[in-house]
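The next block holds one structure in the form of structure tokens; read it before the comments.
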Amino acid sequence: MSRELAKTYDPAGIEDRLYQKWLDKKYFHAEVDETKKPFTIVIPPPNITGQLHMGHALDETMQDILIRFKRMQGYNALWQPGTDHASIATEVRIINKLKEEGINKEDLGREGFLERAWAWKKEYGGTIVNQLKKLGSSCDWDRERFTMDEGCNRAVKEVFVKMYEKGYIYKGSRIINWCPVCNTSISDAEVEYEEQAGHFWHIRYPVLNEDGSESGEYLEFATTRPETMLGDTAVAVHPEDERYRHLIGKELMLPLMNRKIPVIADEYVDREFGTGVVKITPGHDPNDFEVGKRHDLPVINIMNDDATINANGGKFEGMDRYEARKAIVKELEEMGLLVGIEDHVHNVGTHDRCGTTVEPMVKAQWFVRMDELIKPAQQAVKKGEIRLVPESMQKNYFNWTDNIRDWCISRQLWWGHRIPAWYCADCGETVVSRTDPECCPKCGSRKLSQDPDTLDTWFSSALWPFSTLGWPDDTPELRYFYPTDVLVTGYDIIFFWVIRMIFSGYEQMGEKPFHTVLFHGLVRDAQGRKMSKSLGNGIDPLEIIAKYGADALRLTLVTGNAPGNDMRFYYEKVEANRNFANKIWNASRFIMMNLGETAPTKPAQEELAPADRWIISKANSLVRDVTENMEKYELGVAVQKIYDFIWDEFCDWYIEMVKPRLYEKEDAASRNAALYTLKSVLIDALKLLHPYMPFVTEEIFCTLQDEEESIMVSSWPLYTESKNYPEEEHAIETVKEAIRGIRNARTGLNVPPSKKAQVFVVSALEEKRSIFEKNRDFFRVLAYASEVHIQEDKSGIGEDAVSVVIADVNIYLPLGELVDIEKEAERLKKEEERLLGELKRVDGMLSNEKFLAKAPESKLAEERAKKEKYSRMLEQVREQISHLSGK
RNA sequence: GGGAUCAUAGCUCAGCUGGGAUGAGCGUCCGCUUGACGUGCGGGAGGUCACAGGUUCGAACCCUGUUGGUCCCACCA
């Protein structure tokens with residue numbers, strides 16, 4: 001096999017080719033295998049209407065990292081993919097498309113509409129999936145599911161019927177949020193509150209005498225929505241409000257409608273607010289609805305579904321709600337009942353899909369009773385059975401579970417799961433059934449009609465962790481892969497989805513759906529704004545992939561960002577990561593060039609140079625740290641360590657150190673040891689990096705070696721005690737320190753690398769001199785020296801040499817230029833102060849009983865060693881100071 | 001109104017349950033045809049970790065308060 005790579009890494013072509021290979025080899029596919037431990041992630045199903053955006057890209061990348069990591073660790077890793085039918089989003093999209101053709105949905109009829117919808121799904125539903133593939137997502141596509149496929153439909157019906165039978169699902173007339181544009185009810189979670197500038201209209205209603213005549217007294221209040229007065233059925237005051245006590249029980253004349261309404265007393269009224277009087281409209285305000293229930297008030301619905309006034313609105317019938325508002329205010333003013341208008345900013349509920357102001361309306365809808373269901377979901381998080389990462393998300397979670405209200409699940413849409421309830425035209429019986437009933441079980445009538453409504457999209461997604469594994473059937477997959485392991489999602493859908501999956505899991509399966517929820521934040525633009533269509537500031541992940549490669553994008557999305565935090569997207573960051581891909585590419589290219597056609601053989605222990613052992617040892621700790629971080633879901637921290645290791649330690653130091661051994665071919669054993677180490681350390685680093693950058697790592701891996709056919713099914717590196725070489729680590733770090741000192745000095749003295757210099761490395765310590773002696777080549781190469789002299793430092797400061805002091809090593813550069821003695825003295829003084837500070841700190845720790853009792857032995861030893869080191873350094877610095885002052 | 005969260009280098013952010021500001025990317029300055037890479041190499045400048053107190057031998061990290069920003073929830077008509 002030829003080991004040649006192009007001079008720069010160009011992801012184009014490579015990525016698609018490798019992805020196809022993985023698909024062909026079925027590497028993504030997971031089968032039930034009792035001999036292996038499963039690791040499962042279910043994808044948050046993207047909407048079929050969706051276009052891949054940065055949010056998806058982040059979400060998928062995190063999941064892919066985890067699943068690839070676990071797969072390499074030897075788990076039987078299943079990433080269960082699928083898409084969501086997204087009832088309202090899709091229905092809106094199709095309606096709009098029909099509109100372009102001049103068709104409205106009713107013309108087509110339900111059947112015809114659904115036909116169009118399925119055709120649409122067939123045409124566009126796969127788009128998002130293909131886009132996910134561009135990212136490198138290692139989903140088991142053989143198991144792809146859809147929330148409205150046959151299995152999911154059965155799961156939905158099963159759950160609906162079961163919960164209905166248990167009394168958890170009921171139909172009731174309650175006040176719900178109505179979207180007049182989408183023409184459907186929506187749940188509380190779908191309402192978004194928006195601050196809007198509005199007004200307070202101060203209005204008064206005349207108080208009536210017992211005989212119905214006007215008493216001349218008025219009751220004044222303020223309202224932000226005067227048009228709802230058409231549906232007023234009372235006016236309320238606080239029961240203990242002295243100002244109005246005498247009016248409680250009396251009647252008022254509702255102007256414009258000429259309806260008598262009572263004055264009632266209810267604690268809901270805040271005496272301090274406004275006039276302490278509230279008009280009560282049970283038909284169009286959730287609070288008023290509750291008040292109405294307590295007082296048995298009639299509920300009057302004054303609006304049609306499109307938010308125009310209906311027949312109950314008298315002469316305002318047919319007007320839009322805002323037109324009616326104007327007209328009503330005008331008439332009240334003419335009647336002298338408008339006391340004043342005041343500017344007021346208030347929160348208005350809008351539909352999160354279309355932005356329309358939501359209208360509270362009383363309608364017969366289906367609900368899920370939450371009080372019982374929520375308990376296990378609450379407990380699970382409280383007891384730590386389900387872990388939220390980051391933990392701070394618990395507050396959010398409990399905020400919702402503690403205040404949960406019944407979930408309105410019926411939608412007046414056609415695209416979705418139709419509610420499995422039928423009504424008997426003859427006896428009025430409601431039949432809820434898994435199968436379509438032929439006749440009424442109560443009266444035998446065949447005049448049954450199915451409820452026209454469909455279910456909230458989230459009803460089916462709530463079942464996703466088990467419906468995708470085959471539930472309600474008792475499948476091997478379900479037994480093996482459930483509960484799943486980690487759910488990765490944005491914190492913005494905790495309420496819509498996460499909570500609902502959790503309680504559904506406990507209710508239907510008797511077990512949690514996953515043990516960990518890993519949250520990520522939003523991807524914002526460079527200015528920190530949300531990416532949105534209206535702002536036009538969205539960045540298309542596919543464009544980034546085309547230009548920089550999926551690897552660079554993936555890395556960009558997971559670095560420098562803690563779980564749950566929002567991040568900003570910078571092109572500069574992507575570029576930096578593209579550069580990193582190129583860096584690895586070139587390091588690998590270099591290694592392959594030197595490898596030639598023969599593979600290096602495993603060297604004997606004693607053939608390994610100190611530098612080899614050093615990098616092996618470093619790589620070994622890297623394996624331990626990275627694995628640990630990844631297991632704690634610290635994906636960004638982990639990859640940062642890999643990045644630093646590859647770029648700094650491996651490329652900038654180790655490869656440079658090894659070059660002389662590669663070029664001087666006399667010592668075959670040494671060359672072989674170097675090549676072997678280069679190759680094996682590179683392979684380990686590639687493996688660690690693979691979950692993050694699957695494509696470059698695979699391409700290099702396959703070119704570099706012939707033993708294994710893919711890095712993605714190779715095994716994760718293991719931390720091995722025997723690969724620890726603390727002595728060599730110490731030695732090479734010492735050498736690095738000295739070399740850095742020389743480089744510094746050279747820069748300070750303005751000596752370019754091309755100008756090779758004699759270098760005197762001088763140390764008072766026998767130990768160091770011997771280390772330098774063993775690694776003297778490095779000085780030549782890395783410090784650009786012509787000659788290297790290692791000498792004992794007897795004087796502290798040399799007599800006729802220029803000296804620069806780095807730590808406790810003196811480096812003499814006989815270049816004929818003198819260092820500024822005063823500056824040097826100043827520097828030494830500072831160094832002395834620093835060391836004194838350090839010693840004080842270490843002493844503090846070592847004399848602290850609590851610390852001594854608690855700290856692990858390794859930490860103690862480390863601190864003691866530091867103490868020694870600092871004392872020694874201090875001694876030397878002081879010696880040098882005295883030498884200098886003697887001059 | 002309640003709650004959460006953030007404030008660290010010019011910019012964007014890491015900083016692992018108190019122990020050397022350990023830092024990254026970008027930017028900036030100086031210097032490099034060092035035979036993998038200029039998508040590169042070497043070196044530098046730049047931080048009283050928002051402010052004020054407190055706990056501690058020791059605080060960016062814990063507590064209290066202040067200021068400023070972001071977000072979530074909430075019926076104040």
Side-chain angles (χ1 to χ4, degrees), chain A residues 5 7-9 193 200 221-225 228 236 268-270 272-281 285-288 290 344 346-347 390-393 395-396 399-400 403 491-492 494-495 521-522 526 528 548 552 556 559-562 564-573 575-594 625 628-629 632 634 636-637 640 643-644 651-652 655-656 659 663 740 743-748 750-754 756 781-782 784 834 837-838 840-851 855 859 863 866 870:
Chain A
L5 295 176
K7 194 165 173 182
T8 47
Y9 174 60
Y193 288 89
F200 257 143
F221 55 86
T223 177
T224 54
R225 304 196 50 202
T228 60
Y268 153 68
V269 180
D270 179 353
E272 310 298 319
F273 189 85
T275 57
V277 180
V278 185
K279 71 194 245 330
I280 302 295
T281 322
D285 183 288
N287 296 301
D288 294 6
E290 294 302 319
H344 178 62
H346 58 144
N347 275 333
E391 213 169 85
S392 57
M393 287 299 164
K395 304 266 165 73
N396 261 332
N399 190 338
W400 188 263
N403 301 300
Y491 60 74
D492 50 331
I494 293 185
F495 314 132
L522 267 39
Y548 301 96
T556 301
T559 37
N561 167 248
N565 283 1
D566 290 355
M567 61 168 304
R568 299 192 190 198
F569 190 90
Y570 285 96
Y571 282 93
E572 291 87 338
K573 235 173 124 179
E575 261 172 47
N577 290 321
R578 186 261 329 255
N579 295 352
F580 178 54
N582 188 56
K583 184 75 186 176
I584 311 164
W585 183 259
N586 270 292
S588 308
R589 196 162 71 95
F590 171 76
I591 294 171
M592 288 182 220
M593 281 165 52
N594 285 287
D625 295 351
E628 218 175 271
N629 285 131
K632 288 196 278 185
E634 294 162 356
V637 178
Q640 185 65 249
Y643 182 103
D644 290 343
C651 291
D652 289 348
I655 289 185
E656 295 305 323
K659 276 179 179 172
Y663 298 146
R740 273 197 217 101
R743 284 175 178 170
N744 261 325
R746 294 187 68 114
T747 305
N750 220 346
V751 185
S754 52
K756 302 268 190 269
V781 179
L782 297 166
Y784 325 111
R834 187 185 75 92
E838 297 298 348
K840 196 183 155 200
R841 180 185 69 81
V842 177
D843 274 338
M845 283 170 76
L846 290 175
S847 62
N848 181 278
E849 280 171 33
K850 274 192 242 163
F851 173 75
K859 185 85 191 164
E863 293 302 330
K866 275 185 196 170
Y870 291 143

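Worth knowing before you read on, the calculation uses all heavy atoms, side chains too, and leaves out hydrogens, waters and symmetry mates.
Contacts of A/Ala587 with the nucleic acid, taken as non-hydrogen atoms under 4.0 Å apart, include base atoms. Using a 4.0 Å heavy-atom criterion, one finds that A/Tyr643 contacts the sugar-phosphate atoms exclusively. Using a 4.0 Å heavy-atom distance criterion, A/Glu575 is classed as making no nucleic acid contact. A/Phe273 comes within 4.0 angstrom of a base, heavy atoms only. Residue A/Arg578 is classed as a base contact, given a heavy-atom separation below 4.0 Å to a base. Backbone-only contact: A/Asn565 has heavy atoms under 4.0 Å from sugar-phosphate atoms and none from a base. Residue A/Asn347 is classed as a base contact, given a heavy-atom separation below 4.0 Å to a base.
In this structure A/Tyr784 satisfies the ring pair (Phe, Tyr, Trp, His ring centres under 6.0 Å) test with no other residue, sequence neighbours excluded. When the ring pair (Phe, Tyr, Trp, His ring centres under 6.0 Å) test is applied to A/Tyr268, no partner is found at least two apart in sequence or on another chain.
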Here RNA chain B, pairs taken as Watson-Crick or G-U under 3.5 Å and shown with ( ), [ ] when crossing and | when to another strand, reads (((((((..(((((....[..))))).(((((.......))))).....(((((..]....))))))))))))....
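If you check distances only, the side chain of A/Lys583 does reach the base of B/rC37 with a donor-acceptor pair under 3.5 Å.
When the side-chain nitrogen and oxygen atoms of A/Arg225 are compared with OP1 and OP2 of B/rA77, none of them lie within a distance under 4.0 Å.
In this model, no donor atom of one side chain and acceptor atom of the other lie less than 3.5 Å apart for A/Tyr491 and A/Asn565.
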